[in-house]
Participant: 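Sharing a structure below in structure tokens format, with a few things to ask.
Counting starts at 1 for both ligands and their atoms, following the listed order. Keep in mind that this is a model prediction, so the values were computed, not measured.
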Amino acid sequence: MTEKIEEEPVIENDDLLGGCEFESTDDIEVPKSLIDQVIGQEHAVEIIKKAATQRRHVMMIGTPGTGKSMLARAMAELLPKEELQDVLVYHNLEDANNPKIRVLPAGKGKEIVTIQKEEARRRAQARNTLLILIIFSIVIYATLVGQFIWGIIAAAMIFMALKYIMPREDMLVPKLLVSNSDKERAPFTDATGAHAGALLGDVRHDPFQSGGLETPSHERVEAGAIHKSHKGVLFIDEINTLRIESQQQLLTALQEKEYAITGQSERSSGAMVKTDPVPCDFIMVAAGNLDAMAGMHPALRSRIKGYGYEIYMRDTMDDTPENRQKLVRFVAQEVKKDGKIPPFDKSAVAEIIREAKRRTGRKNKLSLILRDLGGLVRVAGDIATAEGAKITTAEHVLRAKSMARSVEQQLADQYLEHRRDYKFFKNEGEEIGRVNGLAVIGDSGVMLPILAEVTPTQSKSEGHVIATGMLQDIAKEAVQNVSAIIKKVTGKDISNKDVHIQFIGTYEGVEGDSASISIATAVVSALEDIPVDQRVAMTGSLSVRGDVLPVGGVTHKIEAAVKAGVKTVIIPKANMDDVLIEEKYKDMVKIIPASTIEDVFEHSLRGIKKERFLDKIKNFASVGIGILDIDKPTVS
Ligand SMILES: Nc1ncnc2c1ncn2[C@@H]1O[C@H](COP(=O)(O)OP(=O)(O)OP(=O)(O)O)[C@@H](O)[C@H]1O
């Protein structure tokens, strides 16, 4: 059974705002602490709070832009600042290559360095005065005895000798390696993509290693991110990109809570120097996507797991009035954070929330990929600013949406333009074995024509599915699924035929497992000689029983079909509530829900043979096919 889509109710702005009353986002209160600003990740917030009190490590896995670094920053805000410490590094009189470390309460380090510097300056002044006096006395004495030249030479030699023998004042001044004076909160260090030196500390190379010109080794010691985040939070995103040795060293630092600093480059004079252990008692917050876990050193992962928490970030939240209200606050937060863009009025905020719904591609959900949504807020605000507007309106947001398109969207549009130029798409007439399939690249849709040809097999044993383009495995699976249905319905065994399938113009990045119903239709059309209506495009997954299963990205796919000039789009019935196409496309397309492959054939096949074929299918449906139930609902 098929049915025409009900006109999607237009959601009023007030509903979209979840009942929030305000004139502009300036009226909305933004929480002071970062942790209270986090939206939609309640589970993560709870764990972060717990981990901060218990000083536990955390690993966050999830899509970029869902607030992982924001949560890590928020965690640093929750840590007590009373515990903060300064770290000083001193020259070691016995072994210059082993600088000494001293740990003091926050603020004391800076005080000591200032005092010592002042003392050193006074000592240097006194020494220089003494030197000048000695030199003058020698020169005057030599002049009096008529040996001026010898006097100058003697003065120069004495000057050099004394300079060499007398201890250098800067040797005695410690270096402030880690400073926490005047810090309002515990340190937060982002070591994402840091090389070994930046992460673990380093000792700089000294080109002048003798002759009184050398820089004292303790002066060349630099703290790493692990030391700077002592008593605070060390955040590393994409943890898997960190070299395995660095991960191992990080693990040691985590276990020991102190880590000596040495030169990281073997050829540098810094490699000779190794300090006493420097404290690094940090909380580690590691982040990444699911791949990150695979690339992570198992011991490091197990350390975090054993001494902390793992969090999986959410990509969406339920579309409830409370959550819509949170998004209203999100817009207010982003406007405030930016500081330069004008506030948003109700219509503009509603448009952002509408976009948050659209971006999920799922019914009753709101997107939590808030960095991207924040980007839209900023572009809309910038457009308003450029116009000199005092307030950002829905019109600015709509313009921002067409300006701030993702690379995938731009690529898809370019692809469409290119295909249209060369008439790759057909959007009218009928053709045997040709179907307008729909696919997604990233967050954008593309129309993907699919051609099928069925020929007697060349092989002696059995027929083959020969697919070209990048979606070969999917094509084979779809043909396998449909072959059972075809066999029952038409009595034809396609296992003794070669089925050729071509995806026209596929390229890297196209996701295609939602092409199953298109492939099935193309194959049936070719096999039975029934033309396909080219004004129709379709998307849907297929079970071996002929059920049409839900897929992802229907909104983007429908919009792509409309852009390609198609008038009717068949989608899985289960996806009907996920359709959130833009207002401007609504009157341009008829959306037909399909729950079985029979529905798909009904709306896409044409010609006189169609009815007979559909009758056969109906019979088959009433009898049932009773074949293996291996279908599993997949969302592509
Ligand atoms: N859950 C959230 N609540 C409020 N704002 C958010 C949330 N998620 C993201 N944002 C906004 O997006 C910005 C970027 O998010 P953030 O850098 O924390 O994402 P991320 O998950 O760490 O991404 P990546 O892994 O790419 O670093 C934040 O500064 C904030 O403005």
Participant: Just by distance, no angles: are the side chains of Asp318 and Thr320 close enough, under 3.5 Å, to form a donor-acceptor pair?
Facilitator: no
Participant: Count the heavy atoms belonging to other residues, nucleotides or ligands that lie under 6.0 Å from NZ of Lys110, then report whether that count exceeds 12.
Facilitator: no
Participant: Using the test salt bridge (Lys or Arg N to Asp or Glu O under 4.0 Å), find all partners of Arg329 that sit at least two apart in sequence or belong to another chain.
Facilitator: none
Participant: With a 4.0 Å heavy-atom cut-off, what residues sit around ligand 1?
Facilitator: Gln37, Val38, Ile39, Gln41, Pro64, Gly65, Thr66, Gly67, Lys68, Ser69, Met70, Asp237, Phe330, Glu334, Lys337, Leu370, Arg371
Participant: Just checking Lys108: does its NZ atom have more than 12 heavy atoms from other residues, nucleotides or ligands closer to it than 6.0 angstrom?
Facilitator: no
Participant: Quick one: list whatever passes side chain to side chain donor-acceptor pair (under 3.5 Å) with Asp372, sequence neighbours left out.
Facilitator: none
Participant: Please report, to 0.1 Å, the donor-acceptor pairs under 3.5 Å made by any side chain of residues 248-262, with sequence neighbours excluded.
Facilitator:
| unit_1 | atom_1 | unit_2 | atom_2 | d |
| --- | --- | --- | --- | --- |
| Gln248 | NE2 | His297 | NE2 | 3.4 |
| Thr252 | OG1 | Gln248 | O | 3.1 |
| Thr262 | OG1 | Val273 | O | 2.9 |

